[in-house]
Novice: 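Handing you this structure, nothing more for now.
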There are 2 protein chains.
Amino acid sequence: MASLGNCIFMMDEGVDRLTEALPELPADKAKLSRLMLMVGSRMQEELEHTLKPYRLNHSEFLTLMILYSSPDGSSTPGELCDYTSQGATNMTRIGNALVGRGLVVRAASEQDRRRVRMGITPSGRRFVQKMLPTLFPRLSAMFDGFGENDRRQLGRLLRKLADNLDRLDEEIDR
Amino acid sequence: MASLGNCIFMMDEGVDRLTEALPELPADKAKLSRLMLMVGSRMQEELEHTLKPYRLNHSEFLTLMILYSSPDGSSTPGELCDYTSQGATNMTRIGNALVGRGLVVRAASEQDRRRVRMGITPSGRRFVQKMLPTLFPRLSAMFDGFGENDRRQLGRLLRKLADNLDRLDEEIDR
DNA sequence: CCTTTTTAATTCACCAGTGAAATATGAGCC
DNA sequence: GGCTCATATTTCACTGGTGAATTAAAAAGG
């Protein structure tokens, strides 16, 4: 029963039962929203599962990848918070974890002494080069059977959803 | 910068830079996977934000809704774990929270004394009837501009993704 | 200049969720 | 009937994350 397929089936049934008593419920939107939440969190579990052998969690991995792919291999906690959508508090913890493993170094900024620069180390680069390719097989399997067109559609729809969510955020809440 | 649109833009750039150095990276799949994670977690934040005034979090809300929409208004912790994809430990906490607010009652099962029945109370039903409709406006806004066809496509693609994730789970891990 | 305001990072106290162990009951099997 | 194994729930210790307060430094504005 832990299968996503079963959960989705149960969800469909539940929303249908709900709509009988509550016709003004926007049933198909409710189902899409539940679907997004279910599939999204399952993908996150999948990612964390494959990261576990490397003793990284999602946010630590993301932070490390951003440093790896940034032009000069460094950034500041504040910037990383923006890029990763993490709070400053958690970025401090992430920094501690990555620095503790020698994948990243912290250094006080000279221009602005409030700032801290976090830079990926050579050891951190080697670590990424080694572990990243091992994620590819599962990543590919995730989109098995998605043709060129399916991928384009999914990308389009998710970006559209993102636009709507941004608009919701701007509005004075409720 | 906290906007999803900006985060997605940065992500696209990052993956593109990555692909230059690492041509074997499945770039479009990586982007889709990041997109799903970003949009999914933002939708979760959006939901939790609108639930906050009712002092419910996502998993408590989901549990309460399942009880509300179940034919006899009751279930057991074990079943609820399956339906909500929550661990048993957390379901105990959820039960404590909902029982503590009088929305749900716990009772020992007579047939199987290991089991516990959790049932929604009349007060719990009234609570749901009052709060649920207030979620509809934001839910609808989330899918503004999604026509009949977009909704069908998104549903299809998410269910397909779910199938692949289930297949990944079954396989002997890596 | 020097005070006020803003910004950056960290610390602290807390909330939500997990895995492993404990507890208790039921089921299967000589 | 009594022993072993399986199942349901709870407890406990821990991880990952958040908001509010703290510290420190820069910027703004007389």
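Here is the naming used below: chain letters follow the sequence lines, and residue numbers restart at 1 for every chain.
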Novice: Looking at B:Arg159 and A:Asp12, does any basic side-chain N land under 4.0 Å from a carboxylate oxygen?
Specialist: yes
Novice: Please identify the 5'-most and 3'-most nucleotides of DNA chain C with any atom under 4.0 angstrom from a heavy atom of chain B.
Specialist: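 Range of nucleotides touched by chain B: C:dA16 to C:dG26.
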Novice: Please find the pair of heavy atoms, one from B:Pro26 and one from A:Leu139, that lie closest to each other, and give the distance.
Specialist: CG-CD2, 3.9 Å
Novice: Given atom CE of B:Met91 and atom P of D:dT9, what is their separation to the nearest angstrom?
Specialist: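 About 10 Å, once rounded to whole Å.
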Novice: Going by distance alone, is a donor N or O of one side chain under 3.5 Å from an acceptor N or O of the other, for A:Tyr83 and A:Thr63?
Specialist: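 Their side chains do not contain a donor-acceptor pair, so the 3.5 Å distance test is not met.
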Novice: Given the rule in the side-chain hydrogen bond (donor to acceptor under 3.5 Å, both in side chains) test, do B:Ser74 and B:Arg117 qualify, once you have shown the distances and angles that lead to the verdict?
Specialist: CA-CA 7 Å; B:Ser74 86; B:Arg117 287 221 69 87; 2.9 Å; yes
Novice: Produce a footprint string for nucleotides 14-22 of chain D: one letter per nucleotide, 5' end first; B if the base is under 4.0 Å from any protein heavy atom, S if only the sugar-phosphate is, - if neither.
Specialist: --SSBBB--
Novice: Of B:Glu110 and A:Asp112, whose nearest nucleotide on DNA chain C comes first from the 5' end?
Specialist: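 That would be A:Asp112.
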Novice: Between A:Thr76 (side chain only) and A:Val116 (backbone N and O only), is there a donor and an acceptor less than 3.5 Å apart?
Specialist: no
Novice: Which letters describe nucleotides 1-6 of chain D, given B = protein heavy atom under 4.0 Å from base, S = only from sugar-phosphate, - = neither?
Specialist: -----B
Novice: So that I can tick it off, tell me whether A:Arg152 and B:Asp28 are bridged by a salt bridge, with the cut-off set at under 4.0 angstrom between side-chain N and carboxylate O.
Specialist: no
Novice: Rounded at 0.5 Å granularity, tell me how far CZ in A:Arg106 sits from CG in A:Asn96.
Specialist: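 Nearest 0.5 Å value for the CZ-CG distance: 4.5 Å.
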Novice: B:Arg117 near the nucleic acid: base, sugar-phosphate alone, or nothing, with a heavy-atom cut-off under 4.0 Å?
Specialist: nothing
Novice: Which heavy atom in A:Arg151 sits nearest to a heavy atom in A:Phe146, and how many Å separate them?
Specialist: NH1-O, 3.0 Å
Novice: Which heavy atom in B:Asp82 sits nearest to a heavy atom in A:Cys7, and how many Å separate them?
Specialist: O-SG, 3.7 Å
Novice: Of all heavy-atom pairs between A:Gly40 and B:Met36, which one has the smallest distance, and what is that distance?
Specialist: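 Reported closest heavy-atom pair: N-CE, 4.0 Å.
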